[in-house]
2 protein chains.
Amino acid sequence: MSITSDILRGHTEAIILSHLLEQDSYGYQINKDIMKKTDNAYELKEATLYSAFRRLEQAGYIRTYWGDETVGARRRYYAITDEGTKAYQGYKQEWQEAKDMIDKLLR
Amino acid sequence: MSITSDILRGHTEAIILSHLLEQDSYGYQINKDIMKKTDNAYELKEATLYSAFRRLEQAGYIRTYWGDETVGARRRYYAITDEGTKAYQGYKQEWQEAKDMIDKLLR
DNA sequence: AAATATACCTCGTCTGTCAAGGTATATTTG
DNA sequence: CAAATATACCTTGACAGACGAGGTATATTT
């Protein structure tokens, strides 16, 4: 990874929610998709991912269900809730503001 | 403060270096200036500020000297070094990349 | 005399990240 | 066919930056 994790810190939940807005998905897939979207520049570590899932579920922003795979490893799917959608809007707003602020402070 | 600290996390050092590029300054003043620059949206907490100073000095990115105040409280001034200037360029580059990445991931 | 502003600092806690470890199934490779 | 790799889940403990809470000292304002 080229970007230090402290700069990405705090964005994990928003990134996951954004992904789930497109479609329900499961941990392994989300991880792969994020790497792909960033041309492998950013790999969300598994431990980070799963602890974020716990927080998001705790907050009521996502709900989970088991896939009905008949072959292969079982998959735990995640879906975004209405509250999660609202929270995502907040995260995005916050990001816009933070971005402007940091841009203002770094010149 | 309206922006959560986790989003700002990791930018503290870059923000301080950016400020010192303009001119030497001291803790209390830097803090005030940053609040002013962001219209009071972001207050770098003192404990955060001073621990960042320690790291920056440790890394050789800043050097310090005492002001020669004849009245009022003493001031410890900070100045950016050549290494600090280089480091700042790196931080800035990293920020540009991270910004693009997060923008790509949040839609 | 008390409150506020300027100016410095430390200690201990909190929280998100992640390295390292684990389990289980299916497929590919030598 | 055994070993390696890929898919898929998970937990534990350590680390580091942010910061609340506390402290010291001087000068000015109320």
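Residue numbering restarts at 1 for every chain, and letters A, B, ... go by the order of the sequence lines. Computed over heavy atoms, backbone and side chain alike; hydrogens, waters and symmetry mates excluded.
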*In sequence, state the C-alpha distance, the side-chain angles, and the governing distance for A/Leu20 and A/Ile30, and then conclude on side-chain contact (heavy atoms from CB on, under 4.5 Å).*
CA-CA 9 Å; A/Leu20 292 180; A/Ile30 291 173; 4.0 Å; yes
*Please lay out, stage by stage, how B/Tyr78 and B/Leu56 fare under the test side-chain contact (heavy atoms from CB on, under 4.5 Å).*
CA-CA 10 Å; B/Tyr78 298 91; B/Leu56 287 166; over 6 Å; no
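Close to C/dT17, at under 4.0 Å from its OP1 or OP2, lies no side-chain N or O of A/Ser5.
Looking at A/Ile102 and B/Lys99, their side chains never come closer than 4.5 Å, going by heavy atoms from C-beta outward. Side chains of A/Trp95 and B/Leu106 form a contact here, defined as non-hydrogen atoms less than 4.5 Å apart. No side-chain heavy atom of B/Gln93 sits less than 4.5 Å from a side-chain heavy atom of B/Gln89.
Between A/Tyr26 and A/Tyr77, the ring planes are perpendicular. Angles over 60° get that label, and only those under 30° would be called parallel.
Electrostatic pairing of B/Arg76 and B/Glu57 does not count as a salt bridge here, judged by no charged N lying under 4.0 Å from a carboxylate O.
Taking atom CD on B/Gln58 and atom P on D/dA16, their separation rounds to 13 Å, with Å as the unit. One can place CG of B/Leu8 at 9 Å from P of D/dA18, the figure rounded to the nearest angstrom. Note: CD1 (B/Ile7) to C1' (C/dT17) measures 16 Å, nearest angstrom. One atom, CG of A/Asn31, and another, P of C/dT17, lie 13 Å apart when rounded to the nearest Å. If you take CG of A/Leu49 and C1' of C/dA20, they are 17 Å apart, rounded to a whole angstrom. To the nearest angstrom, P of C/dT6 lies 12 Å from CG of B/Asp33.
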*What dot-bracket string describes DNA chain D from 5' to 3', counting Watson-Crick and G-U wobble pairs whose defining distances are under 3.5 Å, with [ ] for crossing pairs and | for pairs to another strand?*
||||||||||||||||||||||||||||||
_Base-contact (B) and sugar-phosphate-only (S) positions in nucleotides 7-16 of chain C, heavy-atom cut-off under 4.0 Å, - elsewhere_ = BBBB----BB
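Remark: the A/Arg63 side chain and the A/Thr81 side chain contain no N/O donor-acceptor pair separated by less than 3.5 Å.
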